[in-house]
Amino acid sequence: MSPPPPPLGRSRKRAAYVFDSALDDTELADARTALAQGRWTEVRALLAATGDDWDRRGHRFDVLAQEPTTTAWARDWRLAEPESTDVRVLLAYASVHLALRGKGRSEKAREACREVAALLPADPTPWLALLTLERSLGREEDVVRLFDEVRHRHPEHHHAHHLMVARLAERRPAAGQDPLHEVYDFAAWAAEQAPDDSPLAVLPVIAHAERYRVLAAAGSEPVDPAASGHWTGRRARQVMKAAFDWWLEWEMPVSATHPRGHVDLNFLAHAKFCEGRAAEAAALFHRIGRHATRAPWSYPDRDPYKAFTAARDAALGSA
């Protein structure tokens with residue numbers, strides 16, 4: 001059964017800020033709106049046009065799959081075009097997000113992803129969906145195996161590397177500020193393996209933020225990241241400088257073409273602000289514009305919009 005239309009009128013209560021996971025992909029945002037209104041043909045055209053741009057394909061499926069009405073409308077699409085593999089990927093990905101929200105069965109989601117992965121042996125997207133699920137629910141060996149499946153099909157997969165870093169950062173929380181922690185080694189290795197223009201150059205900054213999230217949740221770091229020495233040690237400063245220098249060199253071509261470029265910009269702005277480099281943070285905030293992301297501003301358990309706006313206002317005010 002198709003979902004009902006939204007209620008008429010406006011709520012008198014002021015809505016909270018909504019982070020848009022589509023980021024600056026306006027075509028994706030338009031297709032998402034169309035799908036919410038039952039116009040699945042626009043989603044079909046968008047996904048067909050995406051082709052084998054694997055990072056963009058994964059991003060678009062992930063964003064569409066998060067919408068609460070996607071499953072109902074995608075089922076209508078499948079009834080109309082049962083031969084479409086794109087609709088099967090979308091339904092499988094949507095089942096992952098339902099399982100993560102506790103509204104669906106994880107084993108059903110796993111089965112759907114495996115079935116569509118068998119139909120599309122070159123496509124990393126069904127494996128990315130499985131990795132998204134197991135990053136939260138699975139055993140570590142499952143996460144590693146699924147990451148290898150994605151990387152075998154697309155060695156520079158941006159989202160997959162972020163998921164892997166987030167899971168690795170959760171190892172050995174009692175180890176504290178260990179500069180030899182495996183998440184740092186993994187991020188450095190991935191950045192070194194990638195081409196010079198790859199946004200994986202920022203991955204060591206992502207690792208640093210994810211490890212802070214774990215340490216702060218364990219009580220070994222302040223809940224205010226700007227008050228933490230996590231960002232001002234020698235190794236941290238080297239990581240932040242290398243990532244910012246990369247951004248200065250490659251920002252224009254990469255951010256113009258990479259669908260998750262604003263994710264990196266938010267992590268980098270967060271790092272520079274916590275490091276106390278207001279001018280560099282301000283340059284990044286200008287580039288972010290209205291495309292804020294929940295992570296890492298929510299780390300460890302903060303209101304992400306308040307944290308983002310406070311950091312942005314402070315950086316722009318002092319720059």
Side-chain angles (χ1 to χ4, degrees), residues 1-6 18-101 103-106 108-133 146 149-150 153-154 156-160 163 256-263 291:
M1 179 181 294
S2 299
V18 176
F19 290 88
D20 189 355
S21 56
L23 301 173
D24 59 345
D25 190 336
T26 56
E27 292 179 334
L28 171 59
D30 290 344
R32 180 183 57 191
T33 299
L35 184 62
Q37 297 169 354
R39 303 198 311 273
W40 52 262
T41 54
E42 295 185 33
V43 172
R44 177 186 61 186
L46 176 76
L47 296 175
T50 308
D52 61 359
D53 181 345
W54 299 128
D55 277 311
R56 193 172 303 278
R57 180 172 168 84
H59 174 63
R60 286 175 165 175
F61 271 105
D62 183 46
V63 171
L64 291 168
Q66 294 177 42
E67 294 301 302
T69 60
T70 289
T71 297
W73 291 125
R75 284 173 178 163
D76 287 355
W77 177 8
R78 186 175 61 182
L79 286 173
E81 297 183 349
E83 75 287 353
S84 171
T85 52
D86 277 351
V87 73
R88 293 191 62 172
V89 175
L90 184 57
L91 283 167
Y93 221 137
S95 70
V96 163
H97 283 291
L98 287 173
L100 290 173
R101 292 197 295 266
K103 296 182 178 181
R105 292 172 44 235
S106 57
K108 182 179 179 181
R110 291 184 183 102
E111 181 180 357
C113 290
R114 292 189 192 109
E115 287 178 356
V116 76
L119 295 174
L120 299 167
D123 189 349
T125 311
W127 297 104
L128 177 68
L130 273 171
L131 179 60
T132 300
L133 181 70
L146 292 168
E149 292 284 0
V150 176
R153 291 162 175 81
H154 180 38
E156 299 168 53
H157 204 295
H158 188 272
H159 196 170
L163 291 170
T257 59
H258 199 281
R260 285 169 48 87
H262 280 90
V263 174
H291 301 297

- Query: Taking only residues two or more places apart in sequence, or in another chain, which ones meet T50 in a side chain to side chain donor-acceptor pair (under 3.5 Å)?
  - Reply: R60
- Task: Sequence neighbours left out, what passes salt bridge (charged side-chain N to carboxylate O under 4.0 Å, His left out) with E149? Give chain and number order.
- Result: R153
- Message: Test side-chain contact (heavy atoms from CB on, under 4.5 Å) on H97 and D62; report intermediate values, then the result.
- Response: CA-CA 9 Å; H97 283 291; D62 183 46; 2.7 Å; yes
Measure the [atom1]-[atom2] distance between [X] and [Y] for me, rounded to the nearest 0.5 Å.
{"X": "K108", "Y": "E111", "atom1": "NZ", "atom2": "CD", "answer": "9.0 Å"}
{"X": "C113", "Y": "L91", "atom1": "SG", "atom2": "CG", "answer": "10.5 Å"}
{"X": "R110", "Y": "S95", "atom1": "CZ", "atom2": "OG", "answer": "10.5 Å"}

Do [X] and [Y] come close enough that some side-chain heavy atom pair is under 4.5 Å?
{"X": "S84", "Y": "R44", "result": "no"}
{"X": "T70", "Y": "L35", "result": "yes"}
{"X": "D30", "Y": "E42", "result": "no"}
{"X": "L163", "Y": "L128", "result": "yes"}
{"X": "T41", "Y": "E81", "result": "no"}
{"X": "R88", "Y": "L120", "result": "no"}
{"X": "Y93", "Y": "T132", "result": "yes"}
{"X": "H157", "Y": "L131", "result": "no"}

Any idea which heavy atoms bring [X] and [Y] closest together, and the distance?
{"X": "W40", "Y": "A80", "result": "CZ2-CB, 3.6 Å"}
{"X": "R57", "Y": "G51", "result": "CD-O, 3.7 Å"}
{"X": "D86", "Y": "A48", "result": "OD2-N, 4.1 Å"}
{"X": "H59", "Y": "L23", "result": "CE1-CD1, 4.2 Å"}
{"X": "A74", "Y": "L90", "result": "CB-CD2, 4.2 Å"}
{"X": "V63", "Y": "S21", "result": "CG2-O, 3.4 Å"}

- Step-by-step side-chain contact (heavy atoms from CB on, under 4.5 Å) determination, L47 to V87: CA-CA 10 Å; L47 296 175; V87 73; over 6 Å; no
- Per the side-chain contact (heavy atoms from CB on, under 4.5 Å) rule, which among R32, H262, H291 passes with D20? R32
- With L28 as reference, evaluate D24, D25, T26 under the side-chain contact (heavy atoms from CB on, under 4.5 Å) test and give the passing residue. D25
- Task: Report the C-alpha separation of V43 and W73 in whole Å, then their side-chain angles, then the decisive distance to 0.1 Å, and conclude whether the side-chain contact (heavy atoms from CB on, under 4.5 Å) test is met.
- Result: CA-CA 11 Å; V43 172; W73 291 125; over 6 Å; no
- Derivation and outcome, side-chain contact (heavy atoms from CB on, under 4.5 Å), residues L133 and L100: CA-CA 7 Å; L133 181 70; L100 290 173; 4.0 Å; yes
- Establish, from distance only, whether the side-chain atoms of T125 and D123 form a donor-acceptor pair under 3.5 Å. yes
- Any donor-acceptor N or O pair under 3.5 Å, side chains T71, R75: no
- Item | Side-chain (W127) to main-chain (A117) donor-acceptor, under 3.5 angstrom | no
- Query: Is the H158 ring parallel, tilted or perpendicular to the H258 ring (thresholds 30°, 60°)?
  - Reply: tilted
